[in-house]
Amino acid sequence: MVNSKVKEHSSGWQDGMAKSITFIVTKDCQLACKYCYLVGKNTKERMTWEVAKEAIDYILERESEFREQSVIWDFIGGEPFLEIELIDRICDYLKTEMYRRGHHWFDSYRFSFSTNGINYHTEKVQRFIKKNYTHLSIGITIDGTKQKHDLNRIWKTKEMEQGEVPKPEEERGSYDDVVRNIPLWLEQFPGGSTKVTISSADIPYIKDSVLHLYSLGIHEVNINCVFEDVWHEGDDKLFENQLIDLADAIIDGEYYKYYVCSFFMEHIGKPMDPVRDNQNWCGAGKMLAIDAAGNFYPCTRFAAYSLRSKPAWIIGNIRDGIDQNKLRPFLMLDRTTQSRPECIDCEVASGCAWCQGENYDAADTHTVYQRATTICKMHKARVRANNYYWNKLFRKLELEGKQEEYEKQKAKMKESKC
């Protein structure tokens, strides 16, 4: 017999705002990506079932405090699929408990993963996918061409585990180990998107990498520059040139009809109203993350293994609960409270991103109110290339009389994604 309260609430996870709750199930990973913000990865800190269960019970027992209509149960590492047996047990318990309690999140949830893809084909992972398929979101990270991917996404070595850096000739890229699983992933998740990270060293490979990912059958390529201070003089110009070359390739090859690249968006690069547009970029403080010790964080970027120079920002634990006072700074976060005047008045401010954890880590003091702006020049370069892209595309569509056809196709792509 179906719980009447559950039946009343089972309306679909996208009907309202979703709470993002992240389990840091391990700090281990097979890879040692050079641009990874997780500076404290290790093989020792792994979540136990007891900690996971206590965290779940704490959250589900406080339904009135977690009022979002839907929930995203997110699993990260390191590499989350290294702990697939624990994750499977967690997800089984979540489903059972949400049903038993008649919780408003029952049938209004997602299990979300971002994986390096290496273990995707294994029997245990595939069994988990089959069991939870209708409530799964899985993204595999592949950085582009073999040359770009293997430049940064390299296998960990024993020397790395001991804190040493391997010699370049000892580095082994992971492209071949990931790309073999892309066909299976896309067969199971045809609308799957990948996330590409750009750092200074791999700027020359952007255009070829996006086109390569399209050729693999990935229709949505999300790309971002790292927020850390890694950029060199002249990187912004090289970046702009690569994006203009990519714009030409996408438009001339008519990839825009069926493919998406997040670098090109119609509504970025405009001034922002200080009142109407005064939101925080990310959800730090509205999200919740739990680590192997049972500590709560406002976001995974505030855990110790994500921070270079600041202590972890712990807001509570599974035994004592969440300390709302430690969340207070996040409640006042918006664009104005953490931006310098030149950022607020910037003519191309829209679409300029920031990471709250990086803001904290890079700040002069222990504050989340000092916005890191190391990607300023990169954003402006992106805006210039973005303007070029849309000017060229709309000119082409106008000359061919295909504006209406393009808008219909765009709406169709958006609908299929939903």
Side-chain angles (χ1 to χ4, degrees), residues 35 143-145 148 193-214 220-257 259-274 276-277 279 281-282 335 339-355 358-359 371-400 403 406-407 410:
Y35 50 56
D143 250 4
T145 61
K148 179 185 175 343
S193 62
T194 193
K195 179 178 174 293
V196 177
T197 300
I198 303 298
S199 61
S200 180
D202 47 42
I203 291 173
Y205 311 110
I206 294 174
K207 184 200 81 171
D208 290 342
S209 289
V210 173
L211 297 180
H212 177 67
L213 294 172
Y214 288 169
E220 182 175 344
V221 177
N222 295 305
I223 311 184
N224 68 276
C225 295
V226 298
F227 292 103
E228 290 78 18
D229 188 7
V230 300
W231 305 105
H232 302 136
E233 188 68 33
D235 278 352
D236 55 327
K237 188 60 182 174
L238 294 173
F239 183 53
E240 181 181 352
N241 290 340
Q242 273 291 302
L243 293 190
I244 287 175
D245 288 346
L246 176 59
D248 286 337
I250 289 175
I251 295 170
D252 296 344
E254 298 192 336
Y255 290 102
Y256 60 86
K257 291 182 177 179
Y259 298 88
V260 175
C261 174
S262 66
F263 271 148
F264 302 121
M265 303 176 71
E266 283 185 74
H267 304 297
I268 71 163
K270 297 176 175 59
M272 296 181 71
D273 185 289
R276 187 185 66 243
D277 302 318
Q279 296 88 27
W281 181 266
C282 77
R335 183 169 166 265
S339 299
R340 295 180 296 186
E342 54 264 40
C343 293
I344 295 171
D345 299 331
C346 180
E347 290 297 311
V348 294
S350 63
C352 187
W354 62 84
C355 167
E358 176 59 20
N359 287 358
R371 179 173 163 186
T373 57
T374 55
I375 66 166
C376 175
K377 288 184 178 180
M378 304 303 284
H379 171 69
K380 290 176 179 176
R382 176 196 175 193
V383 168
R384 292 191 294 271
N386 187 66
N387 291 339
Y388 172 87
Y389 174 91
W390 290 105
N391 285 334
K392 177 170 180 171
L393 177 58
F394 287 142
R395 190 161 58 243
K396 171 184 168 68
L397 294 171
E398 184 179 5
L399 288 172
E400 296 175 356
Q403 303 99 313
Y406 171 71
E407 292 300 330
K410 195 164 62 168

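By convention here, the first residue in the shown sequence is residue 1.
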Between E233 and K377, is there a side-chain heavy-atom distance shorter than 4.5 Å? yes

Under 4.0 Å between a side-chain nitrogen and a carboxylate oxygen: does that hold for K392 and D252? yes

Rounded to the nearest 0.5 Å, how far does CG of L238 lie from CD of Q242? 8.0 Å

Side chain to side chain, Y389 and I251, heavy atoms closer than 4.5 Å: yes

N/O donor-acceptor pair under 3.5 Å between H379 side chain and V348 backbone: yes

Within the structure provided, determine whether V196 and K148 are in side-chain contact (heavy-atom separation under 4.5 Å). yes

At their closest point, which heavy atom of A381 faces which heavy atom of D236, and how far apart are they? CB-O, 3.3 Å

With rounding to the nearest 0.5 Å, note down the distance linking CD in E228 to OG in S199. 10.0 Å

Can you list the steps and then say if E266 with F394 is a side chain to side chain contact (heavy atoms under 4.5 Å, CB included)? CA-CA 11 Å; E266 283 185 74; F394 287 142; 3.5 Å; yes

Using a 4.5 Å cut-off on heavy atoms from C-beta on, say whether the side chain of D277 contacts that of S350. no

V230 and S200 have their tightest heavy-atom pair at O-CB, 3.7 Å

If you take all heavy atoms of I206 and I198, which pair is closest and at what distance? CG1-CD1, 3.6 Å

Under 3.5 Å, side chain of N386 to main-chain N/O of R382, donor-acceptor pair present? no

Taking side chain as C-beta onward, heavy atoms only, is W354 less than 4.5 Å from N359? yes

Close side-chain approach of L393 and W390, heavy atoms under 4.5 Å: yes

Where T373 and C343 come nearest, the two heavy atoms and their spacing: CG2-SG, 3.9 Å

Could you give the distance from NZ (K396) to CD (E254), rounded to the nearest 0.5 Å? 4.5 Å

Determine yes or no for a side-chain-to-main-chain donor-acceptor pair under 3.5 angstrom, with R340 supplying the side chain and R371 the backbone. no

State the CZ-CZ distance between R384 and F239, to the nearest 0.5 angstrom. 10.5 Å

Any side-chain to backbone donor/acceptor pair from R335 onto P274? Under 3.5 Å, distance only. no

Indicate yes or no for a side-chain donor-acceptor contact from N222 to the backbone of K195 under 3.5 Å, with no hydrogens or angles considered. no

Any side-chain heavy-atom pair from I203 and K237 closer than 4.5 angstrom? no

Looking at CG of L246 and CG of L211, how far apart are the two atoms once the value is rounded to the nearest 0.5 Å? 6.0 Å

Note: W281 and G351 closest approach over all heavy atoms is CH2-O, 3.8 Å

Closest contact, heavy atoms only, C225 versus W231: CB-CZ2, 3.5 Å

If we ignore hydrogens and angles and just use 3.5 Å, is the side chain of T374 paired with the main-chain N or O of F227 as donor and acceptor? yes

Could you tell me the separation between the CG atom of D245 and the CD1 atom of I250, rounded to the nearest 0.5 Å? 11.0 Å

